[in-house]
Amino acid sequence: MTKETDLDRDRTDVRVSIIGGHKLDGKTLHERTVTASLIGGADIDLSDLDLPDGAELKITKLSLIGGVSITVQPDVRVVVGGVRLGGVSDDGPTVAGGPTVRVDAWGLLGGVRVNRV
């Protein structure tokens, strides 16, 4: 997550492509990020990001075809929302209090896979 000022706190990072997915990592991510593509998924690597307890990131993914693969540290809670044909694969923590990443995945085809390092 990039260093923020009070002005950056209200900023939403938007990434758009027609064909092809997006690769995001903790160095280039803001508190709110939207990725949109006609065909293509999102590969999000937050494994190097040190999120403090109570911190929350929100990622919204819009596409017709394409899923989300997200890599986080073991203590990060991932909450998945949105509507898509495809399941959610996550065996991580579900207790409140730690850092949270909210992923809203909207699309026709594509699931959400959470990887923990």
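If you read the sequence from its start, that first residue is 1, and numbering goes on from there.
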Between Ile70 and Val103, is there a side-chain heavy-atom distance shorter than 4.5 Å?
yes
If only atom types and distance count, is the side chain of Lys61 paired as donor or acceptor with the main-chain N or O of Gly107 below 3.5 Å?
no
Shortest non-hydrogen pair, Ser37 vs Gly20, comes out as CB-O, 3.7 Å
Sole candidate of Asp45, Asp43, Thr35 that passes side chain to side chain contact (heavy atoms under 4.5 Å, CB included) when paired with Leu24
Thr35
Got a second to check how far Ile39's CD1 is from Ser17's OG, nearest 0.5 Å?
10.0 Å
Around Leu85, counting heavy atoms of other residues, nucleotides and ligands shown, do more than 12 lie under 6.0 Å from its CG?
yes
Does CZ in Arg116 sit with more than 12 non-hydrogen atoms of other residues, nucleotides or ligands closer than 6.0 Å?
yes
Shared hydrophobic cluster for Val34 and Val83 (ILVMFWY, side-chain gaps under 4.5 Å):
yes
Are Val112 and Trp106 connected in the hydrophobic side-chain network, where two residues link if heavy atoms are under 4.5 Å apart?
no
Going through the distances and angles, do Leu46 and Leu57 end up as a side chain to side chain contact (heavy atoms under 4.5 Å, CB included)?
CA-CA 10 Å; Leu46 303 177; Leu57 294 177; 4.0 Å; yes
Hey, could you give me the CD1/CG distance between Ile44 and Asp25, rounded to the nearest 0.5 Å?
10.5 Å
So CD of Glu31 and CD of Glu56: to nearest 0.5 Å the spacing works out to 8.5 Å
Are any of the side-chain nitrogens in Asp13 or Arg15 under 4.0 Å away from the carboxylate oxygens of its partner?
yes
Rounded to the nearest 0.5 Å, what separation is found between the OG1 atom of Thr60 and the CG atom of Asp104?
5.0 Å
With clusters defined by side-chain heavy atoms of hydrophobic residues (ILVMFWY) lying less than 4.5 Å apart, directly or transitively, does Leu62 cluster with Leu64?
no
Do the non-hydrogen side-chain atoms of Val78 and Val72 ever get within less than 4.5 Å of each other?
yes
Any side-chain to backbone donor/acceptor pair from Gln73 onto Leu49? Under 3.5 Å, distance only.
yes
Shortest non-hydrogen contact from Arg32 to Thr12?
NE-OG1, 3.0 Å
Got a second to check how far Asp53's CG is from Asp75's CG, nearest 0.5 Å?
7.0 Å
When hydrophobic residues are tied together by side-chain contacts of less than 4.5 Å, even through go-betweens, does Val117 share a cluster with Val114?
no
If I take atom OG1 from residue Thr71 and atom CZ from residue Arg113, how far apart are they, to the nearest 0.5 angstrom?
9.5 Å
Between Pro52 and Pro99 the two heavy atoms that sit nearest each other are O-CB, 3.6 Å
